[in-house]
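Since the structure is predicted, the reported quantities are computational estimates derived from the model, not experimental observations.
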Amino acid sequence: MNDFKAEAERRYTLLRREMQAQGVEVLVLYSAPWKTEIVHYVSDYRAFGLCACALLPLSGDPVLFVSGKEELPRAQGSAFLSDVRVMDGLDMKKPAEAARAFGRTAAIAGLETMNRAQH
């Protein structure tokens, strides 16, 4: 049987090592439903709604944002992460506020899948 918690911690350790080397305090990972592997890597969640966004801080617990409350039960049941929140559709304000609380320097994975308003 796979130990999903151990796998999640292994992934976080690898990413955080690189974040520290690059001077990044929070990694923002964004997935559109047609490119789900970005958020899936840190959360074990595949976006079926409008989008999903995960935040991996250099220290502290990661956070997963889903695009609507209808996605919340599925995300809570499948994600590595215990902190799952709802954002307002494609609006990135809630993830952006949470990212700012984690630190001043950020890197974004999946930027190419965001629409212009989300940038």
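- Cluster annotation: W34 and I38 are assigned to distinct hydrophobic clusters (Ile/Leu/Val/Met/Phe/Trp/Tyr, side-chain heavy-atom contacts under 4.5 Å, transitive).
- Across all non-hydrogen atoms, the minimal contact from V84 to A75 is CG1-CB, 3.7 Å.
- Nearest approach of Y30 to V39, heavy atoms of both residues: C-CG2, 3.8 Å.
- Note that CG of L55 is 12.0 Å distant from CG of D61, once rounded to the nearest 0.5 Å.
- Residues C53 and V28 share a closest heavy-atom pair of SG-CG1, 3.8 Å.
- Residue Q20 qualifies as open at atom CD: its count of foreign heavy atoms under 6.0 Å is 12 or below.
- Using cut-offs of 30° and 60° on the angle between ring planes, the pair F80 and F4 is tilted.
- In the hydrophobic cluster analysis, where Ile, Leu, Val, Met, Phe, Trp and Tyr join through side-chain heavy atoms closer than 4.5 angstrom, L81 is grouped apart from F48.
- None of T36, L56, L15 except one satisfies the side-chain contact (heavy atoms from CB on, under 4.5 Å) rule with Y41; the exception is L15.
- Checked by atom type and distance alone, the side chain of R46 never pairs as donor or acceptor with a backbone atom of P33 at under 3.5 Å.
- We find the CG-CG distance between L29 and L111 to be 12.0 Å, quoted to the nearest 0.5 Å.
- Distance check: K93 NZ to E97 CD gives 8.5 Å after rounding to the nearest 0.5 Å.
- Taken to the nearest 0.5 Å, the SG atom of C51 stands 10.0 Å off from the CD atom of E71.
- Paired with Y45 under the rule side chain to side chain donor-acceptor pair (under 3.5 Å), one option of R74, Q76, H40 passes, and it is R74.
- Contact record, V86 with G68: CG1-C, 3.7 Å, taken as the closest heavy-atom pair.
- Shortest non-hydrogen contact noted between P95 and M87 is CG-SD, 3.8 Å.
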Inset, instruction - Might you work through the salt bridge (charged side-chain N to carboxylate O under 4.0 Å, His left out) test for K35 and E37, ending with a clear yes or no? - result: CA-CA 6 Å; K35 188 168 180 70; E37 64 272 11; 3.1 Å; yes
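- Closest of all the heavy-atom pairs between R16 and G60 is NH2-O, 2.6 Å.
- For the atom pair NZ of K94 and CZ of F65, the computed distance is 8.0 Å after rounding to the nearest 0.5 Å.
- Atom OG of S31 sits about 13.0 Å away from atom CG of L50, to the nearest 0.5 Å.
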